[in-house]
**Student:** 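Next up is a structure, given as structure tokens.
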Amino acid sequence: MTSTAQELHPHPTLEPGRTILELKGLEKRYPGTHALKPVNLAFKSGEIHAIVGENGAGKSTLIKLLTGVMPRTSGDVIWEGKPATLATPHEAMALGINAVHQEVVLCRHLTVAANMFLGEEDSRFGILQQRAMVREAQKIIDGLGFDLPAHVVLGDLTIGQQQLIAAARATVRGTKFLIFDEPTAYLTRKEADQLFTLIRRLKGEGVTIIYISHRMEEVFELADRVSVLRDGTLVGTRNIAETNDAELVKMMINRSIEQVYHKEHFTPGAMIVETRNLSGKGFENVSMSVRAGEIVGLYGLIGAGRSEFVTTLYGRHRKSAGQILWEGKEVQVNSEHDAIRLGMALAPESRRDQGLCLNLPVGLNLNLPIYKRISRNMLISGAKEKAEADRQIADLRIKTPTRGALASSLSGGNQQKIVIGKWLAHGAKLFIFDEPTVGVDVGTKAEIYRLFGALLSKGAGIILISSYLPEVYELADTLHVFRRGKLVATHGFRSADHEEILSQALAEKQEKKGGQT
Amino acid sequence: MSTEAIAAEKPKRNYNALFGLTLLALLVLLWIILSVSTQSFASANNISNLLRQGSMIAILAVGQTFVIITGGIDLSVGAVVGFATVIAAMLINAGVPVFLAILITLLVGVAIGMFHGFGIVKMGLPPFIITLATLTSLRGIGLLMTNGNSISINNDAFQEFSRNSFVGVPNLFWMVILVGIPAYIFLHHSRWGRYLFSVGSNAEASRLSGVNVQRTIYMAYTLSGLCAAFVGVLLASRIGIGNPTQAEGWELQAIASSVIGGTSLFGAVGSVHGPLLGAFILATINNGANLLNVNAFWQRIITGALIIIIVYFDGLRRRGK
């Protein structure tokens, strides 16, 4: 495999440990914001350099400057000893700087092979050499150890698989400096492992890897060095062996790690919702219940059927069998409208696709579920509309210039607060949070968890879906583990250890036993 | 930093209002230039004529804007106008009271809009396709009904309406106000208006927030159909005939007016006053070009160039934000 790898990555072997890229006083100002205060940092070839920080700390700005997406305000970038202007993405790529973004930015309607060679297609006399490209792409994918076909349309793959293709694409272009921006946010553990293997191999070949992640364990698993950004300032750089979780979190947020997972315990009250043998598309035979004052965690890999289960509960999809009992009575939930009327609220998984109207104002997004309440005879009360929006902005400390700013102009964490905030204004008995902290910084996470406590104290129940085990582990009163559309195990608060829960979600042992269940 | 942000926000807002004003300023500027450079532009007669010319496209553009805000398009409005003239003419000639004839014609417009909604929501057809289909078939149905002839309306009172004025302003322009004010309140001050924007921005997020997305889409196309049928009634009154081939290409003028007025074809951006101004800017250009004896062929070229320029600057303004 190593020999094929060398064939496939024909870039000259880089001398490890040499400084490849140096930032000297790199700085970026936007009107009204000092996004990146002068940063001095040197990256060595063959190192995996993690960059951590809260949302809005300046990580994205740094990437944009390095990949030539945006011009810097001042400072120098020294590439292999020579100053580089990095004025356009093309220039960055020509130098060998590439990035793999959190959201896949490829063409979903083209084949995997077409995407891999997008922009540098193999053609003879102007005619695309399609079969040759598919063969070549397949060779690269196989060489990387990804078990994926090159001839299928990209959109047919899962988001995680698309991410792997994006990573593979970046490796075939003579890359010397590769930036990963939260690559594992949508990956399953297996896919993440494949990605890590790829990253380590690139490192072995002398490629510099910049790895941006909110997940500390990944940073410790992969990185050689880690730099911490806070409020646009480089707080410090550490060798990974000489630091720990607690120190990094403290550097990021100026606060200790114990304060993040904020858990309040309440005595469970009346039954809010119960499902009996509920089945639908993507899950089957799920029986569970939520009581007032209780957080029910659903843990599993992406694609294990958790989101499908809650969206069916919420009336987005039809159930195929089973019962839903709301406060003890059987109900039919045929639409989101029915669910909302009963008293459910869903903060969905993807802010961009399901959660927000990005090109509309923050205020409109916050008020969307409650327009009925703040209007009389069809007409909206302007005063109430303003008051409601401003109240949520103040209560949740949403960082926005005004309620009239577009939702797209806010950082990820603040966008997530809008998704949650609109349901706080509406009120509900059952709150369903689907991956509420993906792409959200530690500070906002802590705020969201504190909010859970406030909701519970008012007698609400919460279903919390997370692929991040520490989160559900520390917060859920009852933890259900999903695997392949089935509820496979249930635990009380901290009643099982991480390894046990993880193995139930992965079920390697059970699978080896072979078809007993 | 917060003070900086607040300071930065204020001019942005003015900027937005300014754009509404720039369109108005452009219109006024055109009027001033034409008043100075031609003798007949500023005459009461010509102004009335200009208002009549612009009114019908303005009403179509308002309906079209509702649809475009949801991220759709209604190509059928010109055909609906022509079809509505036939319906109105036939009903009036058959002795149906004018009031009732108008009401029935409007209901036909509503039904056509509902059909568009049905095609989009239930059959999953793209708005472009379903409205393109009704565009051609409505012309065909109209031609079948009239055997390809025009129907002269024998009702003088009905025809006089469009020629008369009220307090010096042509009745047709009053109709713009009649449509414009409720439309403004609907779009900017009712929750249905907010839902149009939210569906155009992100239908899935709206659905999960409890917005009835299907009903919102039905509503947008129904209102567009209603506006078009209303324009059909006005046109029948103005020209005194029912003819299914009338109003050829008006859908494009309506879309152009809407876009000049700041509506984004990607949805979720638009207003009521924008398309109204857009329609009267287009009408002024045509009127002025006629008075200046500009070749009719050139008029089309100028209109096209103007659309590009105005929308380009609008795009710059948006990106600037």
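Atoms considered below: every heavy atom in the structure, side chains included; atoms not considered: hydrogens, waters and symmetry mates. Small disclaimer: the values here were computed from a predicted structure and weren't measured. Just so it is clear: chains get the letters A, B, ... in the order the sequence lines come, proteins before strands, and each one is counted from 1.
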**Student:** OG/B:S209 to CG/A:L366 distance, rounded to the nearest 0.5 angstrom?
**Tutor:** 10.5 Å
**Student:** Which atoms of A:L356 are under 4.5 Å from chain B, going by heavy atoms: the side chain, the backbone, both sets, or neither?
**Tutor:** backbone
**Student:** Hey, is NZ on A:K37 packed in by over 12 heavy atoms from elsewhere, all under 6.0 Å?
**Tutor:** yes
**Student:** So which heavy atom on A:G355 is nearest to which on B:A205, and how close?
**Tutor:** C-CB, 3.6 Å
**Student:** State whether the number of non-hydrogen atoms from other residues, nucleotides or ligands found under 6.0 Å of B:M114 atom CE is greater than 12.
**Tutor:** no
**Student:** Taking A:L358's backbone N and O only, do any of them form a donor-acceptor pair with B:N202's side chain (distance below 3.5 Å, no angle check)?
**Tutor:** no
**Student:** Need one label for A:I340: side chain, backbone, both or neither, based on atoms under 4.5 Å from any heavy atom in chain B.
**Tutor:** side chain
**Student:** Specify the closest pair of heavy atoms between A:N359 and B:G267, including all atoms of both residues, with the distance to one decimal.
**Tutor:** ND2-O, 4.0 Å
**Student:** If we only count heavy atoms from C-beta on, is the A:R316 to B:L208 side-chain gap below 4.5 Å?
**Tutor:** yes
**Student:** Step by step, would you call B:H189 with A:E385 a side chain to side chain contact (heavy atoms under 4.5 Å, CB included)?
**Tutor:** CA-CA 10 Å; B:H189 292 284; A:E385 188 183 25; over 6 Å; no
**Student:** Please examine the side chains of A:L364 and B:R194, heavy atoms only from C-beta on, and report whether any two atoms are closer than 4.5 Å.
**Tutor:** yes
**Student:** Compare every heavy atom of B:S198 with every heavy atom of A:C357, then report the nearest pair and how far apart it is.
**Tutor:** SG-O, 3.5 Å
**Student:** Which heavy atom in A:L360 sits nearest to a heavy atom in B:A268, and how many Å separate them?
**Tutor:** CD2-O, 3.5 Å
**Student:** If I measure from the heavy atoms of chain B, does A:K372 come under 4.5 Å with its side chain, its backbone, both, or neither?
**Tutor:** both
**Student:** Using non-hydrogen atoms only, which part of B:Y195 is less than 4.5 Å away from chain A: side chain, backbone, both, or neither?
**Tutor:** side chain
**Student:** How close do A:S375 and B:R191 get, counting heavy atoms only, and between which atoms?
**Tutor:** OG-CD, 3.4 Å
